[in-house]
Amino acid sequence: MAAENTREIVLDMLLAVERKEAFSHHIARDVLTKYDYLSGQEKAFIKRLFEGTLERRIEMDYFLNQVSSLPAAKMKPLIRNLLRMGSYQILYMDSVPDAAAVSEAVKLAGKRKFHNLKGFVNGVLRKLAANKEQLKLPSEENEPEMYLSVAFSMPLWLVRHFLSLYSYEKTKQIASGLLEARPVTIRFRQSLAEGQKKALIAGFRERGITVSRHPFVKEAYCLTNCDNPAALPGYGEGSFVMQDASSMLAVMAAGIKPGDFVLDMCAAPGGKTLLAAEYAGEKGRVWARDISEQKVSLIEENVKRMGLSNVEIKVWDATKPDPAMQDGADVVIADVPCSGLGVIGRKNDIKYRQTPEAVKEIAALQKEIVRQACASVKPGGVLLYSTCTINPVENEDMADWICREFGYTLDSLTAFLPNMPETKTAEEGYLQLLPGVHDTDGFFFARLVKVKVE
């Protein structure tokens with residue numbers, strides 16, 4: 001078998017993202033699966049170079065513009081991405097000699113039929129390598145917005161969005177948090193004995209994985225140096241599931257009791273469904289739904305692996321009414337489609353795909369789903385509304401709208417989240433978790449109780 005050119009693989013991945021052929025995390029998953037026969041070192045190189053180049057794209061373009069006669073925006077897409085990944089290796093990957101980053105980029109330009117631009121690629125990257133200590137960011141004092149945009153590779157409109165919500169320092173903290181490497185977070189099956197947990201954790205550590213408990217979500221275990229959780233011991237047997245701490249907190253906030261009937265409306269890939277089913281117990285039941293067979297198959301796979309018998313799964317459009325659910329559920333979980341601004345750290349291309357217009361438009365879809373969710377909660381029952389974004393229009397404003405339009409009241413979260421660091425909004429019935437602040441993804445959830453009509 002011929003040796004694979006790992007840099008060429010990454011180049012094609014970056015081009016696929018720029019052409020918007022698929023989301024970056026799907027591209028990474030599919031490519032690493034396709035090239036699973038490569039060594040662990042090669043796969044780690046592909047993952048690091050792809051995610052790092054994509055994550056730092058704005059910064060790479062800014063620096064390239066300081067050393068190139070042609071602005072990055074006017075370059076041919078292949079050359080632009082080739083120079084971005086070359087720049088990332090030179091500036092962020094100490095294990096790669098600058099000369100290797102330059103020469104491999106030049107070779108790739110020739111291999112991809114850009115022979116006439118090999119000199120250009122060589123000249124730009126050599127100049128960047130020679131002057132990397134002199135490259136300058138915008139002045140934080142004189143151009144604070146532009147500084148944040150370039151230093152943290154965040155579109156200017158998004159910087160301004162966060163600055164409209166938070167102070168400069170907190171915005172900087174969030175932007176920094178979105179660039180931090182997020183660990184894989186897992187939750188063990190609740191019925192798993194303590195001895196079994198310890199044995200599995202020991203097995204993880206034998207594979208070079210660092211395991212730590214989340215600072216305030218005791219059910220969450222954070223794994224670093226873990227590229228493929230599905231290959232770990234215990235996964236196939238349903239001993240654990242991947243789920244971010246913020247997602248766990250949302251289900252905890254719902255206050256699901258043994259015997260409850262729970263509807264999870266936009267359930268894929270099923271993390272909330274699984275935890276809800278464990279809380280509801282054998283006498284409870286969970287209906288998990290999503291819009292497509294593909295999404296539903298993800299839920300089915302996880303439910304089967306975890307050995308849960310109290311979950312019913314169905315393809316359903318959450319914007320459509322369901323007479324069978326009218327006033328029927330003790331708890332409805334509505335984790336609605338959103339702008340995704342809170343999970344940029346895991347899905348780097350979101351910040352390049354989203355626009356201010358798209359962010360505004362998505363609230364209309366959310367309201368259609370919420371309308372059906374509200375109708376499905378029985379009087380006195382709970383609606384757990386959640387998103388993975390940082391945007392009041394999709395979050396706090398939506399919770400207020402639910403209360404005004406559908407006869408709900410916000411209910412304090414403090415009894416359900418005893419280990420949560422104190423925040424004044426928890427008592428008011430909602431939480432906005434922030435990257436870089438709460439050691440979670442950016443996540444919002446609100447606990448709303450349907451008022452009984454006497």
In this structure, which one of D335, D244, D290 forms a salt bridge (Lys or Arg N to Asp or Glu O under 4.0 Å) with K272? D335

Residues E405, K367: salt bridge by 4.0 Å N-O rule: no

Would the distance check show the side chain of Q173 and the main-chain N or O of G436 forming a donor-acceptor pair, the cut-off being under 3.5 Å? yes

Carefully, step by step, assess V211 and I209 under the rule side-chain contact (heavy atoms from CB on, under 4.5 Å). CA-CA 6 Å; V211 184; I209 295 169; 4.2 Å; yes

Between L383 and V449, is any pair of side-chain heavy atoms under 4.5 Å apart? no

Approximate separation, where rounding is to 0.5 Å, of T210 OG1 and L223 CG: 9.0 Å

So how far is it from E51 CD to S24 OG, rounded to the nearest 0.5 Å? 7.5 Å

Heavy atoms of L448 and A399 approach each other most closely as CD2-O, 3.9 Å

Please tell me if the side chains of F443 and L249 come closer than 4.5 Å, counting only heavy atoms from C-beta onward. no

So R7 and F45, do their side chains get closer than 4.5 Å, heavy atoms only? yes

Within the 3.5 Å criterion, strictly below it, is a donor on S412 or T414 matched to an acceptor on the partner's side chain? yes

Counting distance only, does the side-chain N/O of H161 pair as donor-acceptor with the main-chain N or O of W157 below 3.5 Å? no

Under the side-chain contact (heavy atoms from CB on, under 4.5 Å) rule, what do W287 and M325 come out as? Steps first, then yes or no, please. CA-CA 10 Å; W287 283 10; M325 280 304 307; 3.3 Å; yes

Any donor and acceptor pair, going by atom type alone, linking the side chain of N302 with main-chain N or O of P269 inside 3.5 Å? yes

Any idea which heavy atoms bring S167 and L163 closest together, and the distance? O-CD2, 4.3 Å

Residue pair D322 / Q372, side-chain donor-acceptor N/O under 3.5 Å: no

Expected output: side-chain R447 to main-chain A253 donor-acceptor under 3.5 Å: yes

Checking Y221 against R213 for the side-chain hydrogen bond (donor to acceptor under 3.5 Å, both in side chains) test, could you report, in this order, the C-alpha distance in whole Å, the side-chain angles of both residues, the deciding distance, and whether it holds? CA-CA 5 Å; Y221 290 77; R213 299 290 289 269; 3.2 Å; yes

Looking at E145, I want to see if its CD is surrounded by more than 12 non-hydrogen atoms of other residues, nucleotides or ligands under 6.0 Å. yes

Side-chain donor or acceptor of D264 paired with backbone N/O of T273 under 3.5 Å: yes

In plain terms, say whether D12 and R19 are close enough for a salt bridge, that is, a side-chain N and a carboxylate O under 4.0 Å apart. no

Enter the distance from L179:CG to N348:CG here, rounded to the nearest 0.5 Å. 8.5 Å

Can you name the closest pair of heavy atoms from Y147 and P138 and give their distance? CD1-O, 3.3 Å

Testing the 3.5 Å rule here: is there a donor-acceptor pair between the side chains of N391 and T389? no

Anything under 30° is parallel, anything over 60° is perpendicular, the rest tilted; go ahead and classify F188 against F204. parallel

Side-chain contact, heavy-atom cut-off 4.5 Å: E368 with K320? no

What are the two closest heavy atoms between L178 and M154, and how far apart are they? CD1-CE, 3.8 Å

Inspect the contact between R187 and E278 and indicate whether a charged nitrogen and a carboxylate oxygen are less than 4.0 angstrom apart. yes

Are Y88 and Y92 near enough that their ring centres are under 6.0 Å apart? yes

Any non-hydrogen side-chain atom of F444 less than 4.5 Å from a side-chain atom of S386? no

Using residues 229-239 as the side-chain source, report each donor-acceptor pair under 3.5 Å to any protein atom, sequence neighbours left out, with the distance given to one decimal.
| residue | atom | partner | partner atom | Å |
| --- | --- | --- | --- | --- |
| E237 | OE1 | G234 | N | 3.2 |
| S239 | OG | G234 | O | 3.4 |

Stepwise salt bridge (Lys or Arg N to Asp or Glu O under 4.0 Å) check, E55 with K347: CA-CA 9 Å; E55 186 174 62; K347 303 173 182 179; over 6 Å; no

Quick one: does T185's side chain have a donor or acceptor within less than 3.5 Å of a partner on Q243's backbone? no

Using only heavy-atom distances, determine whether the side chains of Q294 and S297 contain a donor-acceptor pair under 3.5 Å. no

Close side-chain approach of L384 to F445, heavy-atom, < 4.5 Å: yes

Taking the six-membered ring of Y352 (Phe, Tyr or Trp), confirm whether the NZ or CZ of R57 is under 6.0 Å from its centre and within 45° of its axis. yes

Is it true that a side-chain atom of Q366 and a backbone atom of P337 form a donor plus acceptor pair closer than 3.5 Å? yes

I'd like to know if the side chain of T53 reaches the main chain of L49, judged simply by a donor and an acceptor atom lying under 3.5 Å from each other, with no hydrogens or angles considered. yes

Is it the case that more than 12 heavy atoms not belonging to Y166 sit under 6.0 Å from its OH atom? yes

Going through the distances and angles, do Q432 and N395 end up as a side-chain hydrogen bond (donor to acceptor under 3.5 Å, both in side chains)? CA-CA 8 Å; Q432 174 68 71; N395 295 342; 2.9 Å; yes

Take E312 and R289 through the salt bridge (Lys or Arg N to Asp or Glu O under 4.0 Å) test and state the conclusion after the steps. CA-CA 8 Å; E312 180 183 312; R289 296 177 168 180; 5.9 Å; no

Least distance between heavy atoms, V377 atom then V382 atom: CG1-N, 3.6 Å

Could you report the tightest heavy-atom contact between A280 and R285, atom names first, then the distance? CB-N, 4.3 Å

Atom pair CZ/OG of R353 and S339 - distance to nearest 0.5 Å: 14.0 Å

Is any side-chain heavy atom of L11 less than 4.5 Å from a side-chain heavy atom of L78? yes

Using the six-membered ring wherever Trp is involved, compare the ring planes of H214 and F216 and label them parallel, tilted or perpendicular (cut-offs 30° and 60°). perpendicular

Start with the C-alpha gap between S39 and E42, add the side-chain angles, then the distance that decides, and say whether side-chain hydrogen bond (donor to acceptor under 3.5 Å, both in side chains) holds. CA-CA 5 Å; S39 69; E42 288 172 312; 3.2 Å; yes

Okay, side chain of R346, backbone of D441: is any donor-acceptor separation there less than 3.5 Å? no

K197 atom NZ: more than 12 heavy-atom contacts under 6.0 Å: yes

Side chains of L275 and Y279: closer than 4.5 Å at any heavy-atom pair? yes

Could you go step by step and tell me if I313 and V303 meet the side-chain contact (heavy atoms from CB on, under 4.5 Å) rule? CA-CA 9 Å; I313 306 165; V303 168; 4.0 Å; yes

Looking at NZ of K43 and CG of N228, how far apart are the two atoms once the value is rounded to the nearest 0.5 Å? 7.0 Å

Step by step, work out the side-chain contact (heavy atoms from CB on, under 4.5 Å) result for N310 and L308. CA-CA 6 Å; N310 60 344; L308 296 167; 4.0 Å; yes

T440 side-chain N/O to S246 backbone N/O, donor-acceptor pair under 3.5 Å: no

Let me confirm one number: the NZ-OG1 distance from K360 to T355, rounded to the nearest 0.5 Å. 9.5 Å

